[in-house]
2 protein chains.
Amino acid sequence: MPNVVGGMAPDRNRRRIPDATVSRLPVYLRILSEQGDEGVDSISSERLAELAGVNAAKVRKDLSYLGSYGTRGVGYEVAYLVYQIRRELGLTHDWPVVIVGAGNLGQALAGYGGFSERGFPVGGIVDIDESKVGTVLGGVRVRHIDELPQIVQTKRVNIGVIATPGAAAQDAADRLVRAGVTSILNFAPTVLSVPRGIEVRKVDLAVELQILSYHEQRKAGATVHAVPGGGPRSATA
Amino acid sequence: MPNVVGGMAPDRNRRRIPDATVSRLPVYLRILSEQGDEGVDSISSERLAELAGVNAAKVRKDLSYLGSYGTRGVGYEVAYLVYQIRRELGLTHDWPVVIVGAGNLGQALAGYGGFSERGFPVGGIVDIDESKVGTVLGGVRVRHIDELPQIVQTKRVNIGVIATPGAAAQDAADRLVRAGVTSILNFAPTVLSVPRGIEVRKVDLAVELQILSYHEQRKAGATVHAVPGGGPRSATA
DNA sequence: CGGGCTTTGTGAACGTGTGCACGAATGCCT
DNA sequence: AGGCATTCGTGCACACGTTCACAAAGCCCG
Ligand SMILES: NC(=O)c1ccc[n+]([C@@H]2O[C@H](COP(=O)([O-])OP(=O)(O)OC[C@H]3O[C@@H](n4cnc5c(N)ncnc54)[C@H](O)[C@@H]3O)[C@@H](O)[C@H]2O)c1
Ligand SMILES: NC(=O)c1ccc[n+]([C@@H]2O[C@H](COP(=O)([O-])OP(=O)(O)OC[C@H]3O[C@@H](n4cnc5c(N)ncnc54)[C@H](O)[C@@H]3O)[C@@H](O)[C@H]2O)c1
């Protein structure tokens with residue numbers, strides 16, 4: 001396997017973890033944390049799989065990417081597993097985020113305690129609308145978007161959240177990248193174009209609903225369902 | 001807890017569209033709609049791929065599941081493609097949704113126009129907290145959760161949105177299913193257990209942020225290589 | 001201390017998704 | 001009409017993800 005030659009002295013077992021696994025680790029982590037709080041200190045892959053709604057073999061394979069931290073015949077020590085997953089996900093310290101767009105959604109996000117609770121405190125909120133600047137959301141004052149670079153620098157922000165209308169999302173992304181942010185969570189229904197190396201994840205409510213719609217329509221498919229007003233509609237989907 | 005597994009009746013399967021494709025069709029649809037509004041009436045797979053941030057061959061393969069609606073040497077007729085995708089996704093008619101939980105997030109969702117604009121009008125909002133009942137959000141009056149069955153029936157709701165705290169999410173899901181809802185969009189950070197045949201999609205903010213955290217932590221491990229300033233843009237999904 | 005029971009860790013088979021490469025179809029131009 | 005430039009549709013190979021199945025590794029108990 002062609003590996004990157006580490007310039008760093010001691011090799012810290014930096015295997016690459018498959019994307020599918022990375023997206024499940026947070027789920028395991030939450031479940032394990034809950035179990036730990038409830039006094040459970042050992043858990044089998046079967047039980048964890050049940051709680052996570054996945055296959056037990058998948059759980060074991062996922063966890064095996066972290067190393068061999070289970071005990072055969074017994075299971076996994078909850079506290080230790082929590083520690084290992086947190087370490088692997090980079091959750092050993094906080095990651096302040098900056099929210100761009102103090103509208104409907106931005107306000108909900110800012111007011112949501114679960115953010116900082118999980119290690120992602122709101123380091124700042126910015127908006128382009130002067131009338132929004134100065135208002136306080138979730139204990140954080142909204143500042144003008146021109147102050148973005150300062151906020152990113154002083155608060156050492158790596159993660160930006162885009163909560164602007166779709167038309168402004170690319171602009172927001174450009175500003176975030178210029179300010180030094182290297183990961184973006186995008187709530188706007190827009191495909192962003194960013195430089196290589198910038199990680200973008202999209203949360204698109206409409207897409208989710210339309211996927212559900214597809215399945216609903218499919219369930220109804222047994223009975224042929226002609227829709228009133230047939231013919232192509234020019235749509236604003 | 002039995003989860004949804006493979007192994008369905010093969011005879012009922014008329015042309016099934018791969019999940020990965022289904023999740024991209026809404027993206028194509030939005031882009032095509034925009035292009036249509038801008039007066040574009042024909043588009044190549046290459047152009048659509050560029051706008052969607054994906055590979056052109058993937059676009060063609062995706063669209064081929066709908067049938068052969070392109071013209072070789074020319075491209076796809078935008079209006080017709082919009083019509084076909086809408087039909088396949090079941091967007092030829094509205095799908096009213098019911099929101100459970102009129103808190104921070106529920107209010108943002110209810111006040112968000114993009115919902116009904118895209119064919120998912122808010123058919124109702126319910127909460128268990130009496131003090132929330134009666135308030136009006138986005139033109140819809142919040143009702144008590146006990147009225148859920150009635151709302152689902154009269155408004156013919158198939159899709160439920162869970163915006164309650166995690167601890168109440170399973171209860172909300174149970175009530176939705178009992179009321180007759182067959183698709184659920186879950187914003188609570190909880191794995192839901194539902195009967196077979198009920199479609200569940202999860203939107204978990206914390207998971208998304210933790211995935212970003214993983215990548216940030218990973219970048220920090222390989223310090224030396226700085227990103228070339230003003231480098232080329234690549235549309236990475 | 002050894003046999004039996006449980007559960008992990010992983011090789012291998014299988015399934016799904018992606019992207020290349022190219023034949024086939026179509027429009028346009030001479 | 002025929003040739004040429006495009007662009008679709010898809011077979012194929014490969015990468016990635018999931019699941020099965022089982023040996024290896026540990027604990028318990030007599
Ligand atoms: N509200 C929801 O429940 C919801 C749900 C799903 C998706 N979304 C998406 O989230 C985004 C925001 O939705 P919303 O309801 O909060 O919209 P909104 O209009 O209430 O808020 C948008 C905010 O962004 C600000 N803004 C505009 N251009 C900007 C720019 N260039 N830089 C910085 N700030 C800028 C505006 O001043 C405004 O305050 C939209 O893209 C929407 O599609 C919202
Ligand atoms: N606010 C956000 O920006 C945000 C972001 C991501 C995820 N979430 C998730 O969304 C969910 C809601 O968040 P929120 O900030 O709106 O919380 P919230 O506490 O503001 O609102 C929750 C609402 O649900 C109601 N409720 C409680 N139990 C109920 C039940 N059994 N049936 C019906 N209603 C019930 C409560 O009365 C309350 O009105 C949480 O699970 C949260 O983790 C919120």
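Quick note on labels: first sequence line is chain A, next is B, and so on, each numbered from 1. Computed over heavy atoms, backbone and side chain alike; hydrogens, waters and symmetry mates excluded.
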A:E216 and B:S183: side-chain donor and acceptor closer than 3.5 Å?
yes
Testing the basics here: between B:P26 and A:V207, what is the closest heavy-atom pair and its distance to 0.1 Å?
CB-CG2, 3.9 Å
Using a strict threshold of under 4.0 Å (side-chain N to carboxylate O), is an ion pair present between B:D19 and B:R16?
yes
Neighbour count above 12 (heavy atom, 6.0 Å) for A:E46 CD
no
What is the separation between atom CG on A:L81 and atom C1' on C:dT7, rounded to the nearest whole Å?
14 Å
Reading nucleotides 23-30 of chain D 5' to 3', which nucleotides get B (base under 4.0 Å from a protein heavy atom), which S (sugar-phosphate only), which -?
-BBSS---
Over how many whole Å does the gap from A:L48 atom CG to C:dT7 atom P extend?
14 Å
Looking at B:R175 and B:D171, does any basic side-chain N land under 4.0 Å from a carboxylate oxygen?
yes
Length of the line joining B:N55:CG and D:dA15:P, which is rounded to integer Å:
16 Å
Roughly, in whole Å, what's the span from CD1 in A:I43 to C1' in C:dT6?
16 Å
Side chains of A:R87 and A:T92: any donor to acceptor distance under 3.5 Å?
no
I need the CZ-C1' distance between A:R16 and D:dA15, as an integer number of Å.
11 Å
Give A:A57 one of three labels, base, sugar-phosphate or nothing, depending on what nucleic acid heavy atoms sit under 4.0 Å from its own.
base
CZ-CG distance between A:F187 and A:L109, expressed to the nearest 0.5 angstrom
5.0 Å
Mind calculating the distance between CG (A:L25) and P (D:dG17) to the nearest angstrom?
13 Å
For a quick check of understanding: with a heavy-atom distance under 4.0 Å over all strands, which category does B:R47 fall into, base, sugar-phosphate or nothing?
nothing
Ignoring hydrogens and geometry, is there a side-chain-to-backbone donor-acceptor pair from B:K219 to A:G197 under 3.5 Å?
yes
Between C1' on C:dG17 and CG on A:D19, what's the gap in Å once rounded to a whole number?
13 Å
Any residue of residues 58-70 of chain B with a heavy atom less than 4.0 Å from an atom of DNA chain C:
B:K58, B:R60, B:K61
Side-chain H-bond candidate by donor/acceptor type, B:Q84 with B:Y80, under 3.5 Å:
yes
